[in-house]
Amino acid sequence: MVTVARYLNLTMVVPELDKQSFWADPSDFGDIFDVNHFINSLQDEVKIIRELPQKFSRKVPFSMQPISWSSEKYYLRQILPLVRKHKVVRFSRTDSRLANNGLPLKLQKLRCRVNYNALQFAPSIEALGKKMISILRRTGSFIVLHLRYEMDMLAFSGCTHGCSDEETIDLTRMRYAYPWWKEKEIDSEKKRLEGLCPLTPGETTLVLKALGFPRDSRIYIASGEIYGGEKRLAALRTEFPNIVRKEMLLSADELLPFQKHSTQMAALDYLVSIASDVFIPSNDGNMAKVVEGHRRFMGFHKTIQLDRKRLVELIDLLEDQELSWDEFSTAMKELHEGRMSEPTRRKAIAGQPKEEDYFYANPHECLGAARKRREKLKHTEI
């Protein structure tokens with residue numbers, strides 16, 4: 001939205017956040033991000049104000065949803081005339097409203113500047129994030145496992161592999177209870193075999209072992225409440241006992257201001273995720289993609305992009321005893337060669353923006369400096 005405002009030479013109002021979603025998080029933009037830094041760091045590009053001037057706030061602004069994955073020309077031809085007519089236009093949806101590809105280079109670079117410089121977390125979040133990273137670093141390297149196995153994700157996706165009949169009924173009931181989750185009838189196993197489900201904690205355990213992570217690996221779990229609680233994490237803890245979560249690194253008093261603020265809790269996980277030695281997402285949701293891109297920007301830090309479609313096939317073959325453990329481990333390692341955030345260009349698919357690589361997962365237009373740092377590091381190691 002900053003990029004759109006800059007392109008159209010408009011004033012932008014500090015964003016309002018959706019407070020009606022499943023999480024019912026009352027956080028405002030300023031509770032999560034440093035607003036002063038956001039405004040000041042972009043003042044040479046776009047004027048940003050905290051709220052609408054009084055002369056515009058007396059009436060309800062014209063509200064609309066921009067078309068997803070649009071080019072800059074769409075905003076010039078369709079949106080700018082609306083702004084001229086109504087003076088104020090409120091975008092009710094702002095996710096994925098700009099195309100991944102085909103935009104002028106200066107606009108792509110501005111998207112990166114906003115994401116990696118202008119958006120800094122609020123001081124209270126930054127301070128706790130740094131504390132957690134410092135604690136984790138005391139024992140050396142650490143891995144972040146973004147284990148997206150929460151109730152809302154399972155209900156929304158319809159992925160119930162490994163759940164009991166009772167749990168499946170509960171998750172289905174929840175999906176039907178939320179009208180904005182449009183897909184209702186879902187074949188869980190079909191979706192899993194297509195690679196569209198988050199890995200279960202049990203599946204994730206097999207993957208980590210097969211990829212050769214040592215038993216004493218320090219693993220930070222970035223997630224909300226795991227569906228099924230500690231019982232679901234039992235296999236993971238048995239194989240990798242050195243597992244920690246934010247609740248184990250911080251006191252109850254330190255976390256108290258963040259309770260019932262899921263977005264602020266996710267911000268803490270985000271900071272730890274970009275600082276880790278290895279980042280492994282069990283699902284390719286928005287946070288996982290943005291963390292991946294941020295880690296590329298910081299110097300192509302290792303993110304393992306799991307091939308869930310092929311991966312679950314291998315897991316099923318192992319569990320059906322059609323593969324030995326050694327065969328499974330070898331196949332898993334071969335499968336993920338070249339899936340460790342190496343420098344590459346985004347895959348563009350004309351007319352299918354949902355199927356192509358997401359801009360923020362690999363903003364290759366902005367990674368020249370990161371490539372140079374990576375090459376310099378390689379040369380130093382040699």
Side-chain angles (χ1 to χ4, degrees), residues 1-18 29-30 33 35 37-120 180 182 286 289-290 293-294 296-297 345-369:
M1 294 301 101
V2 170
T3 304
V4 170
R6 173 66 183 87
Y7 182 66
L8 300 182
N9 195 26
L10 303 176
T11 296
M12 177 179 172
V13 181
V14 168
E16 296 177 353
L17 302 185
D18 173 21
F29 186 86
F33 297 106
V35 178
H37 178 79
F38 179 65
I39 293 173
N40 294 334
S41 65
L42 292 168
Q43 62 184 351
D44 62 327
E45 292 283 0
V46 63
K47 183 179 180 181
I48 303 174
I49 57 177
R50 290 176 178 269
E51 56 187 20
L52 272 179
Q54 191 171 7
K55 66 178 180 178
F56 293 119
S57 60
R58 296 192 187 103
K59 65 175 185 176
V60 178
F62 177 76
S63 183
M64 64 166 295
Q65 291 186 23
I67 296 174
S68 299
W69 317 109
S70 295
S71 72
E72 80 282 8
K73 294 181 180 63
Y74 161 79
Y75 287 92
L76 184 64
R77 295 167 182 168
Q78 303 294 325
I79 304 301
L80 187 57
L82 291 175
V83 178
R84 287 172 173 160
K85 177 181 178 181
H86 298 281
K87 306 304 179 186
V88 177
V89 172
R90 175 183 177 270
F91 289 162
S92 57
R93 295 291 297 273
T94 59
D95 57 319
S96 304
R97 303 295 135 169
L98 264 183
N100 292 312
N101 302 293
L103 270 65
L105 181 60
K106 64 180 180 181
L107 296 185
Q108 297 289 55
K109 289 194 171 185
L110 178 56
R111 296 170 85 175
C112 292
R113 180 179 170 186
V114 175
N115 216 35
Y116 308 127
N117 177 265
L119 284 175
Q120 290 189 4
W180 51 87
K182 295 178 182 178
N286 288 333
K289 290 175 180 176
V290 178
H294 202 151
R296 286 179 184 270
F297 184 81
R345 296 183 71 83
R346 285 191 310 281
K347 177 180 67 176
I349 305 175
Q352 298 183 59
K354 286 187 178 181
E355 306 303 319
E356 63 187 12
D357 293 338
Y358 186 45
F359 173 81
Y360 291 107
N362 182 14
H364 65 245
E365 297 90 338
C366 311
L367 302 182

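Rounded to the nearest 0.5 angstrom, L110 CG and L105 CG are separated by 11.0 Å. Taking CD from E16 and CZ from R90, the interatomic distance works out to 6.0 Å, rounded to the nearest 0.5 Å. Here NE2 of H86 is found 8.0 Å from NZ of K59. Values are rounded to the nearest 0.5 Å. Atoms OG1 and CD, from T3 and Q108 in turn, are 8.0 Å apart once rounded to the nearest 0.5 Å. Here the straight-line distance linking atom CZ of R6 with atom CD1 of I48 works out to 12.0 Å at 0.5 Å rounding. Between atom SG of residue C112 and atom CG of residue N117 there is a gap of 11.5 Å, rounded to the nearest 0.5 Å.
When all heavy atoms are compared, the tightest approach of N100 to E356 is ND2-OE2, 3.2 Å. For the pair L103 and S71, the tightest heavy-atom approach, listed with the atom from each and the gap, is CD1-CA, 4.4 Å. Of all non-hydrogen atoms in P15 and F38, the two that sit nearest each other are CD-CE2, 4.4 Å. Between E72 and G102 the shortest heavy-atom distance is OE1-O, 4.3 Å. The two residues P61 and V88 make their nearest non-hydrogen contact at CB-CG1, 3.7 Å. When every heavy atom of R58 is checked against every heavy atom of K55, the shortest pair comes out as NH1-CA, 3.8 Å.
Side-chain N or O atoms of H364 include one that pairs as donor or acceptor with a backbone N or O of R346 at under 3.5 Å. In this structure, the side chain of R296 engages the main chain of A361 through a donor-acceptor pair within 3.5 Å. Using a distance-only test at 3.5 Å, with no hydrogens or angles considered, no donor-acceptor pair links the side chain of H294 to the main chain of Y360. Distance alone, capped at 3.5 Å, places no donor-acceptor pair between the Y7 side chain and the L107 backbone.
Heavy-atom contacts from other residues, nucleotides or ligands closer than 6.0 Å to CD of Q65 number more than 12. Within a 6.0 Å sphere centred on CG of D95, heavy atoms belonging to other residues, nucleotides or ligands number more than 12.
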**OP:** Just do the side chain to side chain contact (heavy atoms under 4.5 Å, CB included) check on I39 and V14 with the steps written out, would you?
**Re:** CA-CA 8 Å; I39 293 173; V14 168; 4.2 Å; yes

Original post:
Where do L42 and R113 land on the side chain to side chain contact (heavy atoms under 4.5 Å, CB included) test, with the steps shown first?
Top reply: CA-CA 9 Å; L42 292 168; R113 180 179 170 186; 4.1 Å; yes

Subject >> Steps toward side chain to side chain contact (heavy atoms under 4.5 Å, CB included) verdict (M1, V114) >> reply: CA-CA 10 Å; M1 294 301 101; V114 175; over 6 Å; no

Let me have the donor-acceptor pairs involving side chains of residues 75-82, under 3.5 Å, with sequence neighbours excluded, atom names and distances please.
{"from": "Y75", "atom 1": "OH", "to": "R97", "atom 2": "O", "distance (Å)": "2.7"}

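With sequence neighbours excluded, no residue satisfies side chain to side chain contact (heavy atoms under 4.5 Å, CB included) with N286.
Ring planes of Y358 and W69: perpendicular class, angle over 60° (limits at 30 and 60°). The aromatic rings of F29 and F33 lie tilted to each other, with the angle between the two planes from 30° to 60°.
Salt-bridge check for E365 with R111: failed, with every basic side-chain N at 4.0 Å or more from each acidic carboxylate O.
Using a 4.5 Å heavy-atom threshold, the side chains of D357 and N101 count as separate.
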